[in-house]
Amino acid sequence: MAPPAGQIRLGRYLAFFVLIVIGLYSLVFFTGNGKPTPKLGIELQGGTRVTLTARTLDGGEPPKEALEQAKTIIETRVNGIGVAGTEVVLDGNNVVITVPGEQGDQAKSLGQTAKLGFRKVATVQPNTPTPPQQQPGTQPPASQPPAGGPPSEAPAAGQPSAPPAGGSAPGAAPAQDQPAPPAPGSPEAEAQAIQAAKAVRQNPALVAADPADQAAVAAAQQLQQETLAQFQCTPNDPLRGNDDPALPLVACLKDGSQKFVLEPEFLPGTMIDTASSGYDSQRGGYVVDLSFKADGTKAWGDFTSANVNEQAAFVLDTQVVSAPNITVPILDGRTQITGGFTQSEAKNLADVLKYGSLPLSFASSDATTVSATLGLASLQAGLIAGGIGLLLVFVYCLFYYRLLGVLTILSLGLSGVIVYGVLVLLGRWINFSLDLAGVAGFIIAIGVTADSFVVFFERLKDEMREGRSFRSAVPRGWIRGRRTILASDAVMFLAAAVLYLLAVGEVRGFAFTLGMSTVLDLVVVFLVTHPLVAMVSKSKTLSNPKISGLGGVQRVGSQRRTAKVAGATVKEA
């Protein structure tokens with residue numbers, strides 16, 4: 001005897017769910033090189049947090065549009081460099097990059113301004129650093145120029161002479177009436193440092209306006225030698241990303257071994273079409289290969305043709321990364337940057353050039369290591385709280401629903417199985433990292449899933465109170481309960497989606513896991529819970545009121561049915 005059609009459909013639902021689980025865990029165990037565990041966020045596995053502070057020429061507020069553009073470019077670099085699980089958010093004038101695991105060194109390069117320009121070398125000399133004559137943080141005497149400054153100059157006409165250190169000029173206003181100097185590290189102090197560096201290192205007189213004017217050329221060469229003698233290479237360059245390409249530039253080689261006076265930029269980095277890194281077996285080191293756009297190819301070809309046996313400096317963020325001699329004209333635009341790069345340095349440089357320069361310069365990034373200890377303790381506390389809540393749900397369901405409570409527990413367990421597999425795959429496919437906020441979303445989703453079961457079971461009991469049997473009440477209760485479940489989960493999913501779109505940081509992780517759990521809740525309720533309840537209702541043994549826990553509502557339904565029959569009999573009489 002063939003089983004009823006309804007029984008076949010219910011079996012198909014369960015079979016389809018089993019196929020989903022098998023397919024899901026086939027992907028988990030047989031695809032990818034990672035372990036079958038979800039990716040964890042920075043507070044759960046530790047990592048690095050890099051804060052980049054925007055710098056402007058006047059020390060003022062950076063434009064919001066420029067910050068948003070910088071954030072977008074950094075996110076693009078994240079995808080290109082392949083730093084997994086990284087989060088980039090704006091915090092005021094800061095761009096905060098959070099990197100789980102041990103990839104903090106890569107994160108530092110993400111904030112590189114990547115302002116590349118090509119300049120002709122006017123003068124180059126070895127760098128022989130001189131020891132400082134004063135303690136760090138003190139000002140040099142007024143009669144001596146500051147480090148990196150020009151030789152001593154007389155005050156400009158109409159300007160008062162600098163007072164002696166620790167004193168004031170005769171007739172000057174009392175010291176308390178003078179404006180207070182900006183605090184070290186403040187935007188105003190940074191702006192003053194940038195302007196002071198530009199006045200010295202981008203002095204137009206460093207390059208003669210007319211190469212045919214011998215007197216002007218000699219004066220420029222003298223100023224170049226004096227400026228290079230005073231200039232010292234420092235790791236934190238105030239001009240980084242803030243130099244004027246139309247003016248000459250005094251700069252250092254990236255390893256600090258040479259100092260240069262460079263002519264104005266003749267080709268900007270925006271003319272680069274593509275950039276890639278690789279190993280040059282002839283040179284025995286890693287290099288960066290460039291190709292230019294059409295206009296850039298022509299400009300580069302014209303320059304190399306007119307300046308054979310001269311040096312061209314590749315300047316990245318006011319630092320010379322390479323200054324090769326031009327031996328032959330390069331007419332096809334294919335150019336190679338050398339500079340003693342390591343493999344990672346060459347790759348990072350190629351990637352930041354390929355994805356574009358930032359519209360703002362940023363202060364040197366400081367990477368802060370975040371320990372996972374506190375996060376793991378919080379995770380443990382959250383899991384204990386979730387476990388206690390889940391246990392209370394189990395006890396309540398068993399006490400109130402009995403066999404239906406067992407089905408609730410089974411459905412919640414299967415929901416957890418699907419959620420775990422999806423988390424593992426999302427970590428591999430989209431680098432989704434589970435953080436504490438995401439764990440909170442899953443714990444709340446337990447209540448959402450349990451609520452769907454309660455809605456279905458209560459609709460079922462309502463039908464039985466109307467006098468229907470357990471078996472006949474299931475399809476009607478499911479139709480009525482299904483609408484409520486869909487409406488409830490739709491509202492929850494929309495709330496999670498809106499929160500995900502509008503929020504930033506960890507709140508987005510909470511919204512993502514809550515929305516994902518809501519969708520998976522529907523899968524379990526439709527493919528598991530409903531078919532199992534329907535199968536129980538058709539079993540004589542399992543539908544026994546003492547086992548199902550529906551004896552009370554069956555008695556109420558029987559009484560109502562008896563009352564209706566008695567009422568109908570009286571009316572006929």
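Every value quoted in this text rests on a predicted model; they were computed, and no experiment measured them.
Remark: R240 does not engage D237 in a salt bridge, criterion side-chain N to carboxylate O under 4.0 Å. Using a 4.0 Å cut-off between charged side-chain N and carboxylate O, E463 and R480 make a salt bridge.
Counting heavy atoms of neighbouring residues, nucleotides and ligands inside a 6.0 Å radius, atom CZ of R465 exceeds 12 of them. Atom OH of Y279 sits in a crowded spot, with more than 12 heavy atoms from other residues, nucleotides or ligands closer than 6.0 Å. Atom CZ of F493 has 12 or fewer heavy atoms from other residues, nucleotides or ligands within 6.0 Å.
For the atom pair D317 CG and K254 NZ, the distance stands at 13.5 Å (nearest 0.5 Å). Residue L520 holds its CG atom at 12.0 Å from CG of L414, rounded to the nearest 0.5 Å. To the nearest 0.5 Å, the span separating CZ on R476 from CG on D462 amounts to 12.0 Å. Atoms CD1 and CZ, on I443 and F510 in that order, are 10.0 Å from each other to the nearest 0.5 Å. The OG atom of S291 sits 12.5 Å away from atom CE of M271, with the distance rounded to the nearest 0.5 Å. Here the OH-CG distance, from Y396 to L391, works out to 15.5 Å after rounding to the nearest 0.5 Å.
Side-chain atoms of S539 do not come within 3.5 Å of backbone N or O of M535 as any donor-acceptor pair. Side-chain atoms of R428 come within 3.5 Å of backbone N or O of T31 as a donor-acceptor pair. The backbone N or O of G405 sits nowhere less than 3.5 Å from a side-chain atom of Y400 that would complete a donor-acceptor pair. Checking side-chain atoms of S411 against main-chain N and O of I409 turns up no donor-acceptor pair under 3.5 Å. Side-chain N or O atoms of S472 include one that pairs as donor or acceptor with a backbone N or O of S469 at under 3.5 Å. Formation of a donor-acceptor pair under 3.5 Å by the S488 side chain with backbone atoms of T484 is not found in this model. Judged purely by atom type and a 3.5 angstrom limit, S322 uses its side chain to pair as donor or acceptor with the backbone of T338.
Closest heavy-atom contact between T513 and G438: OG1-O, 3.0 Å. Annotation for P36 and Y420: closest pair O-OH, 3.0 Å, computed over non-hydrogen atoms. The two atoms that bring M492 and L514 nearest to each other are SD-CD2, 3.9 Å, heavy atoms only. The shortest non-hydrogen separation linking T518 to D489 is CG2-O, 3.3 Å. Listed here is the closest heavy atom pair of A511 and A496: CB-O, 3.3 Å. Considering every non-hydrogen atom in both P62 and A54, the closest pair reads CG-CB, 3.8 Å.
A donor and an acceptor atom, one from each side chain of N94 and T53, are located under 3.5 Å apart. Side-chain atoms of S543 and S537 form no donor-acceptor pair, as typed in the model, at a separation below 3.5 Å. With no hydrogens or angles considered, no side-chain donor-acceptor pair links S415 and T449 at under 3.5 Å. Side-chain polar atoms of D521 and S452 form a donor-acceptor pair below 3.5 angstrom.
Ring-centre distance between Y13 and F526: not below the 6.0 Å cut-off. A distance below 6.0 Å separates the ring centres of F292 and F118.
Two residues are said to be in side-chain contact when any heavy atoms from C-beta on lie closer than 4.5 Å; L290 and Q336 fail this criterion. Using a 4.5 Å heavy-atom cutoff, the side chains of V525 and W478 are in contact. Considering only heavy atoms from C-beta on, L542 comes within 4.5 Å of L403 through its side chain. Within the 4.5 Å cutoff, the side chain of L52 has heavy atoms near those of the I74 side chain. Taking the side chain as every heavy atom from C-beta outward, T335 and W300 approach each other to under 4.5 Å. Between Y500 and V507, the closest side-chain pair of non-hydrogen atoms is not below 4.5 Å. Residues I384 and Q380 meet the side-chain proximity criterion, which asks for heavy atoms closer than 4.5 Å. Between R334 and D289, the closest side-chain pair of non-hydrogen atoms is not below 4.5 Å.
Remark: R482 pairs with no residue by the salt bridge (Lys or Arg N to Asp or Glu O under 4.0 Å) rule, at least two apart or across chains.
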